[in-house]
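Throughout, protein chains are lettered first and strands after them, A, B, ... in sequence-line order, and every chain is numbered starting at 1.
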Amino acid sequence: MSVEVLKIAKDWFSAQGWRPFPFQEESWQAYLDGGSGLVNAPTGSGKTYSLLMPVMLEYIRRHPDDYKTRRNAGLQAIWITPIRALSKEIELSARRLIDGLELPWRIGVRSGDTSTKERAAQRSKPPELLITTPESLHLLLASKGYADFFKELKILVADEWHELMGSKRGVQVELALSRLKTVVPALKVWGISATIGNMDEALQALLGNYYHERPYSVIRADLHKEIEVISVMPDTLERMPWAGHLGIVLLEKVIEIVRNSKTTLIFTNTRSFAEIWYQKMLDKAPELSGLMAMHHGSISQELRNWVEEQLHLGKLKAVVCTSSLDLGVDFRPVETVVQVGGPKGVARFLQRAGRSGHQPGAVSRIYFVPTHSLELIEAAAIREAIVRKVVEDRLPYLRSFDVLMQYLVTLAVSDGFEPDTTLAEIRGTFSFGSVTDDEWHWMLNFLTHGGDSLQAYDEYRKVVLQNGIYRVENRAIAMRHRLSIGTIVSDSSMHVKFLSGKYLGTIEEYFITRMSPGDVFWFAGRNLELVRVKDMVAQVRKSNKKSGRVPSWQGGRMPLSSQMSELIRNKLDEVVRGVEHDEELTFLKPLFDLQRQRSHLPGAGDFLVEYFESDEGYHVIMYPFEGRFVHEGIAALVAYRIAQIQPITFSIAMNDYGFELLSDQPIPIEEALETDVLGTTDLLKDIQASVNSTEMARRKFRDIAAISGLVFKGYPGKPVKDRHLQSSSQLFFNVFHDYEGHNLLLRQAYEEVMDFQLEEARLRRALDRIARQKIMITYPPKPTPFAFPIMVDRMREKLTTEKIEDRIRKMVVEYDES
DNA sequence: GACCTGCTGCGGTGTG
């Protein structure tokens with residue numbers, strides 16, 4: 001029988017003038033054979049058809065006689081996407097397929113954009129295919145009688161699973177699946193993922209108990225894509241600064257690239273740099289005006305949609321953007337991609353490179369623009385990664401009790417949950433497999449009584465136990481809960497609008513409060529004058545002034561991935577051994593020579609420590625090349641341990657390559673190194689003592705409080721002020737900290753600090769590696785090329801711009817004397 | 001006038 005339906009698939013493909021890829025045919029067969037699985041395929045490979053097709057084929061096989069006329073068959077398939085924008089393309093593919101196969105199927109999209117009317121229609125007559133997000137799926141689970149809605153479901157597909165699994169949104173998908181597996185015992189679970197380092201873990205996280213209990217397949221689309229990495233280098237090394245992040249010295253070269261290419265995407269690492277680059281490019285190349293646009297996460301959806309559309313139509317010559325264009329709509333006309341600044345990770349760089357050269361067989365070409373000299377090593381490292389097929393892991397979140405708590409209230413809001421069933425279900429997930437009976441009882445107790453510390457307050461007795469079922473009875477609680485479903489907690493921001501009311505995007509409260517009416521700032525590629533701030537809206541008008549301040553946003557600080565770190569250390573080792581071949585490394589030769597002459601160039605077997613004195617005091621600089629988070633931990637650890645030898649205080653600075661300890665008194669560094677200041681003995685204890693883990697946990701707790709539902713973020717259009725949110729979540733933190741140390745949400749905050757802030761596992765590996773290396777301590781007469789960027793970063797944080805420039809100038813003069 | 005750090009994603013009243 002399956003042979004017959006496969007013929008339908010092939011016929012459909014040839015009717016389109018296509019030939020199926022082997023991986024597509026493989027997944028059709030695997031699906032029809034009955035198991036779950038994971039398709040490992042890049043974007044643009046027809047991955048959607050690899051699963052949509054067999055879902056429909058199976059339906060045809062099940063109803064061979066009347067599949068063309070059977071209407072309202074019920075919800076057959078759910079397609080989860082991490083980004084609403086992707087649903088359009090999935091819908092398009094599905095439409096094509098449905099029409100071609102003559103199925104009377106309806107497609108539903110359920111997301112924040114779906115109207116109330118449409119939602120009601122979907123509920124009464126479920127579409128056969130539902131495209132939705134993890135959040136909207138949970139909203140469905142929060143509605144009464146949901147089991148009926150899902151009863152015909154055959155398959156859930158988690159698209160871009162690699163994106164979801166590394167976040168709490170992935171945990172949401174796991175939880176929703178745990179419920180659906182009971183509602184529909186024959187459910188199949190499939191994921192689609194780009195290649196990541198830990199594919200098997202990705203599969204386990206997605207399948208949960210199915211991983212051990214049911215058959216599954218892993219299908220790999222081995223499609224070869226050629227990627228060419230070209231470094232943009234200044235004419236001479238002297239032109240390149242030793243420190244910095246903007247990379248604007250290479251502006252002219254980037255403009256040349258744009259001029260010579262049909263369409264170029266210019267990726268920057270931050271939103272403010274996107275703004276600056278856009279502005280500078282227009283200044284230098286005014287002919288690009290009207291042909292160039294900007295795209296980042298704080299620009300209004302409307303403007304972003306316009307940019308995406310123009311890009312799609314091939315009407316733009318260049319777009320300056322951030323990760324906001326990493327995923328989402330496919331822009332075939334993009335010919336060239338430029339990456340400004342170190343990409344920090346292999347996967348991110350390749351994803352961006354893949355935005356160009358979309359035609360089959362075409363080469364993806366990406367230009368790398370370094371922002372300081374040493375960053376050029378990263379280009380060489382990436383090239384190596386491509387050859388060796390190195391990719392990063394995505395770490396799934398484990399035991400995120402905040403998400404679990406939200407989920408339990410979701411179930412309680414709709415039809416209630418029976419504790420034993422639900423416990424068994426959640427233990428079948430990857431995230432909560434290890435939940436103990438005690439922890440489970442703590443959760444139930446917290447939901448029904450507000451735990452030990454909040455039991456006096458009715459507000460926190462959200463859930464009641466009735467005839468063995470946990471329910472939310474209070475309608476106000478239910479409503480507030482539906483409004484707060486989701487795990488993305490945003491910072492407070494202010495809307496930017498023209499006086500006419502046209503919405504431009506969001507800006508941080510912090511930035512705007514430091515401006516007065518009449519001041520000019522540069523945002524969304526325009527010069528704007530602040531007119532007034534009213535009701536959390538910054539009202540602006542166009543300004544003719546040439547310059548203005550550029551907003552900055554408080555965002556995540558991505559450290560160098562461990563894969564990148566290792567590749568960089570390898571590249572340095574090649575230089576030490578004299579076997580380097582990348583042109584970037586050749587170009588940097590004079591810089592390496594100076595490093596060698598003044599200090600030491602560390603190979604794979606060395607760990608470099610520099611100690612010197614300057615006008616500022618005594619500096620110890622170490623170079624683990626492990627990314628800034630790990631350096632934050634090691635720096636605090638070393639500072640703490642040195643202070644055990646003799647009372648001393650430090651100021652600490654770090655970048656992705658190393659860290660600096662600065663003191664106004666001599667640092668007993670030799671003695672410290674002899675006493676194993678970098679050892680792993682008592683690591684956990686010393687870390688706890690050295691970093692202010694309570695303060696870090698307090699910050700993490702803000703999100704946990706919001707996700708678990710302890711604090712309410714406000715009604716739509718009426719957000720609770722950030723200051724208020726901040727203080728109430730702090731209040732909870734303090735209460736739990738003082739009176740309820742075993743509180744699972746509190747403990748989670750500390751665990752998140754260890755896992756994601758200090759990256760404990762990686763830190764430990766780094767220290768183990770260092771223990772095997774030979775410590776090379778040098779006493780450079782002056783700061784070395786490696787030290788310089790770290791020192792400059794430290795000064796930036798402390799001093800005003802003007803002073804920094806004086807300082808840098810002074811430092812630079814000193815170098816020239818050598 | 002020189003100098004500019006810090007990504008992305010979702011959701012926003014259901015029920016009788």
- Message: Just to be sure I understand the rule, does Ser143(A) reach a base, reach only the sugar-phosphate, or reach nothing, if contact means heavy atoms closer than 4.0 Å?
- Response: sugar-phosphate
- Given dC10(B), dT13(B), dG6(B), the nucleotide with the shortest approach to the side chain of Arg557(A): dG6(B)
- Note on the structure: In short, Met281(A) meets Ile255(A) closest at the heavy-atom pair O-CD1, 4.1 Å
- Message: Nearest to the Ser552(A) side chain among dT5(B), dG12(B), dG6(B), which nucleotide is it?
- Response: dG6(B)
- Quick one: label Arg110(A) by what it contacts on the DNA or RNA (base, sugar-phosphate, nothing), any heavy atom closer than 4.0 Å. sugar-phosphate
- Message: If the cut-off is 4.0 Å, is Ser272(A) near the phosphate of dG6(B), judged by side-chain N/O to OP1 or OP2?
- Response: yes
- Lys144(A) has a side chain; which of dC10(B), dT15(B), dT5(B) sits nearest to it? dT15(B)
- Item | Thr81(A) and Ile131(A), any side-chain heavy atoms less than 4.5 Å apart | yes
- Checking all strands, does Lys280(A) fall into the base, sugar-phosphate, or nothing category for heavy-atom contacts under 4.0 angstrom? base
- Sugar-phosphate, base or nothing in reach of Arg271(A), heavy atoms under 4.0 Å: sugar-phosphate
- Query: Just checking Arg304(A): base, sugar-phosphate only, or nothing, at a heavy-atom cut-off of under 4.0 Å?
  - Reply: sugar-phosphate
- Rounded distance in Å - OH (Tyr397(A)) to C1' (dG9(B)): 13 Å
- Message: Using every non-hydrogen atom in the two residues, find where Val340(A) and Trp277(A) come nearest and quote the distance to one decimal.
- Response: CG1-NE1, 3.7 Å
- Message: Without decimals, in angstroms, what is the distance between Ile276(A) CD1 and dC4(B) P?
- Response: 9 Å
- Would you indicate what Gly297(A) reaches in the nucleic acid, counting non-hydrogen atoms under 4.0 angstrom: base, sugar-phosphate, or nothing? sugar-phosphate
- Message: Classify Leu246(A) by what it touches in the nucleic acid, base, sugar-phosphate, or nothing, heavy-atom distance under 4.0 Å.
- Response: base
- Note on the structure: Ile707(A) atom CD1 is separated from dC10(B) atom P, nearest whole Å, by 16 Å
- Query: Looking only at side-chain N and O atoms, does Thr133(A) come under 4.0 Å of OP1 or OP2 in dG11(B)?
  - Reply: yes
- Starting at CG of Leu140(A) and ending at P of dG12(B), how long is that distance when rounded to a whole Å? 10 Å
- What nucleic acid atoms does Leu327(A) come within less than 4.0 Å of, heavy atoms only: base, sugar-phosphate, or nothing? nothing
- Task: Answer with base, sugar-phosphate or nothing: what part of the nucleic acid does Leu483(A) contact at a heavy-atom distance below 4.0 Å?
- Result: sugar-phosphate
- Message: Need one value for Glu163(A): base, sugar-phosphate or nothing, where a base atom within 4.0 Å counts as base even if backbone is also close, heavy atoms only.
- Response: nothing
- Query: For the pair made of CZ in Phe712(A) and C1' in dT13(B), what is the distance, rounded to whole Å?
  - Reply: 10 Å
- Message: If I compare all heavy atoms of Arg271(A) with all of Ser298(A), which pair ends up nearest, and what's the gap?
- Response: NH1-OG, 2.9 Å
- Item | N/O donor-acceptor pair under 3.5 Å between His631(A) side chain and Glu626(A) backbone | yes
- Query: What is the distance from CD1 of Ile299(A) to C1' of dC7(B), rounded to the nearest Å?
  - Reply: 14 Å
- Across the strands shown, which category fits Arg169(A) at heavy-atom distances under 4.0 angstrom: base, sugar-phosphate, nothing? sugar-phosphate
- Message: Counting only side-chain heavy atoms from C-beta out, which of dG9(B), dG12(B), dG11(B) sits nearest to Arg84(A)?
- Response: dG11(B)
- Message: Whole angstroms only, please: what is the CZ-P distance between Phe756(A) and dT8(B)?
- Response: 20 Å
- Query: What does Ser136(A) touch in the nucleic acid at a heavy-atom separation under 4.0 angstrom: a base, only the sugar-phosphate, or nothing?
  - Reply: sugar-phosphate
- State, yes or no, whether a side-chain contact exists between Arg480(A) and Lys462(A) at a heavy-atom distance under 4.5 Å. no
- Determine the contact category for Ser111(A): base if any of its heavy atoms lies under 4.0 Å from a base atom, sugar-phosphate if only primed atoms, P, OP1 or OP2 are that close, otherwise nothing. sugar-phosphate
- Message: Between C1' on dT13(B) and CZ on Arg482(A), what's the gap in Å once rounded to a whole number?
- Response: 7 Å
